[in-house]
Amino acid sequence: MPKRSRRSVAWPGTVVSRPFFERPSTDVAPQLLNKILAGADGRAGRIVEVEAYVGSMDPAAHTYRGQTPRNAVMFGPAGHMYVYFTYGMHWCSNCVCQVGEGVLIRALEPLHGVDLMYEARSWGMKERDLCRGPARLTQAMGITGAQNGIDLVGARDGFAILDDGMPPPKALVGGPRIGIRVGVDLPWRWSVPDNRYVSGPVARGA
DNA sequence: CGGGCGATACCCT
DNA sequence: GGGTATCGCCCGA
């Protein structure tokens with residue numbers, strides 16, 4: 001018998017390690033495409049849409065005006081998860097990169113544990129809508145404020161980013177970021193081309 | 001499948 | 001006190 005781990009289900013691929021995250025979020029974000037967000041209970045989805053946030057120059061970033069109690073995790077070690085509460089009812093999840101920068105995960109293509117995702121969302125809904133949107137995917141994956149600050153590296157805290165060998169898309173599809181009023185012109189949103197699980201419109205021409 | 005609209009509580013000024 | 005890194009529901013195509 002192999003030694004018992006906290007992972008109740010075998011994860012596909014290898015856990016992405018810390019140096020991957022210790023870079024500018026605009027470098028990390030496109031390379032997160034086609035990687036996998038996985039939970040210890042077997043729920044997992046392929047990352048098909050991301051957004052970079054750069055505190056130092058980005059008025060839309062939570063970290064733009066410096067450290068506060070809410071955004072403290074974003075000023076901590078790379079490779080941790082920053083989970084914030086918004087619009088009075090939704091949780092959104094980010095990967096922390098270099099200090100003050102992070103990548104918002106905006107959409108997943110469901111891969112494993114789809115029955116648990118339906119249970120967490122709603123049994124009648126379309127599979128396409130399970131994880132299409134940053135707050136939908138946290139609900140589907142079981143991510144809340146309880147996960148704010150957990151380490152995505154080391155497989156200790158129940159969630160990880162996995163690499164199963166699928167590379168990021170060759171031709172990146174970009175577009176304006178969504179749901180913000182300032183900094184909309186910064187082209188820091190990326191998605192997998194022609195993927196039906198992407199949450200928003202893609203820009204014409206790149 | 002895309003657009004318009006109300007709901008909701010926490011954060012920061 | 002104002003604004004929010006959103007969603008589900010409804011409508012029409």
Side-chain angles (χ1 to χ4, degrees), chain A residues 21 24-26 28-30 32-33 37 45 47-76 78 80-110 117-149 152 161 173-204:
Chain A
F21 297 103
S25 61
T26 47
V28 173
L32 275 172
L33 292 175
L37 174 63
I47 298 169
V48 296
E49 185 183 359
V50 294
E51 263 174 13
Y53 283 88
V54 181
S56 60
M57 54 188 292
D58 179 3
H62 288 176
T63 53
Y64 183 60
R65 290 168 187 85
Q67 186 170 343
T68 67
R70 175 169 76 151
N71 65 25
V73 170
M74 287 278 282
F75 290 87
H80 286 238
M81 188 153 71
Y82 168 52
V83 184
Y84 65 88
F85 188 62
T86 192
Y87 289 102
M89 56 193 115
H90 300 303
W91 299 100
C92 295
S93 175
N94 301 252
C95 299
V96 177
C97 300
Q98 68 182 33
V99 174
E101 303 191 13
V103 177
L104 173 67
I105 303 177
R106 287 201 55 89
L108 301 175
E109 176 176 344
M117 293 184 184
Y118 273 107
E119 188 175 3
R121 300 266 292 135
S122 168
W123 285 102
M125 78 187 330
K126 299 187 196 103
E127 191 224 16
R128 181 176 183 237
D129 291 329
L130 276 177
C131 302
R132 190 170 63 103
R136 290 169 175 168
L137 73 90
T138 56
Q139 188 182 13
M141 292 291 293
I143 295 169
T144 70
Q147 277 69 47
N148 186 35
L152 290 166
I161 303 295
V173 173
R177 293 178 299 174
I178 296 177
I180 56 179
R181 310 197 43 151
V182 287
V184 291
D185 51 320
L186 295 171
W188 289 340
R189 170 171 167 256
W190 291 274
S191 59
V192 174
D194 301 319
N195 186 290
R196 71 187 254 96
Y197 298 93
V198 169
S199 76
V202 292
R204 303 153 286 281

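Chain letters run A, B, ... following the sequence lines, proteins first, then strands; residues in each count from 1. Computed from heavy atoms alone, side chains included, the values below leave out hydrogens, waters and symmetry copies.
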Query raised in the report: Between R128(A) and R196(A), is there a donor-acceptor pair closer than 3.5 Å when you use the side chain of the first and the backbone of the second?
Result: yes
Query raised in the report: Rounded to whole angstrom units, what separation is found between the OH atom of Y64(A) and the P atom of dG3(C)?
Result: 18 Å
Report task. Can you measure from CZ (F21(A)) to CG (L32(A)) and round to the nearest 0.5 angstrom? Result -> 6.0 Å
Query - Whole-Å gap separating C1' (dT4(C)) and CG (L104(A)) - result: 14 Å
Query - Side-chain N or O of R136(A) closer than 4.0 Å to phosphate OP1/OP2 of dG8(C) - result: yes
Query raised in the report: What distance do L108(A) atom CG and M141(A) atom CE have between them, rounded to the nearest 0.5 Å?
Result: 6.5 Å
Report task. Of all the heavy-atom pairs spanning A140(A) and C131(A), show the shortest one and how long it is. Result -> CB-SG, 3.7 Å
Query raised in the report: What distance separates Y82(A) OH from E101(A) CD, expressed to the nearest 0.5 Å?
Result: 14.5 Å
Report task. To the nearest 0.5 Å, tell me how far D129(A) CG sits from R121(A) CZ. Result -> 7.0 Å
Query raised in the report: Roughly, in whole Å, what's the span from CG in L137(A) to P in dA5(C)?
Result: 16 Å
Requested in this report: Quick one: stems involving DNA chain B, counted as three or more successive Watson-Crick or G-U pairs, both distances short of 3.5 Å.
Outcome: B:1-7 with C:6-12, B:9-12 with C:1-4
Report task. Rounded off to whole Å, could you give me the NZ-to-C1' distance for the K126(A) and dC1(B) pair? Result -> 8 Å
For nucleotides 8-11 of chain B, which of its nitrogen or oxygen atoms have a protein nitrogen or oxygen under 3.5 Å away, and what is each distance?
residue: dT8(B); atom: O2; partner: Y87(A); partner atom: O; Å: 2.7
residue: dA9(B); atom: O4'; partner: G88(A); partner atom: O; Å: 3.4

Query - Short side-chain N/O contact to dC7(C) OP1/OP2 from H90(A), under 4.0 Å - result: no
Requested in this report: Return yes if some donor-acceptor pair links the side-chain N/O of D58(A) with the main-chain N/O of A60(A) below 3.5 Å, else return no.
Outcome: yes
Query raised in the report: For R132(A) and dA5(C), what is the distance between atoms CZ and P respectively, to the nearest whole Å?
Result: 20 Å
Query raised in the report: Over how many whole Å does the gap from R106(A) atom CZ to dC7(C) atom C1' extend?
Result: 12 Å
Report summary line: Value for CD (E127(A)) from CD (E109(A)), rounded to nearest 0.5 Å, stands at 7.5 Å
Requested in this report: Report which part of the nucleic acid N94(A) touches: base, sugar-phosphate, or nothing (heavy-atom distance under 4.0 Å, all strands).
Outcome: base
Query raised in the report: If you check the Q139(A) side chain, which of dG8(C), dA5(C), dT13(B) turns out closest?
Result: dG8(C)
Report task. Considering just the side-chain nitrogens and oxygens of R121(A), establish if one lies under 4.0 Å of OP1 or OP2 belonging to dG8(C). Result -> yes
Query raised in the report: Between the side chain of S191(A) and the main-chain N/O of V198(A), is any donor-acceptor distance below 3.5 Å?
Result: no
Query raised in the report: Are R128(A) and dC1(B) close enough that a side-chain N or O sits under 4.0 Å from OP1 or OP2?
Result: yes
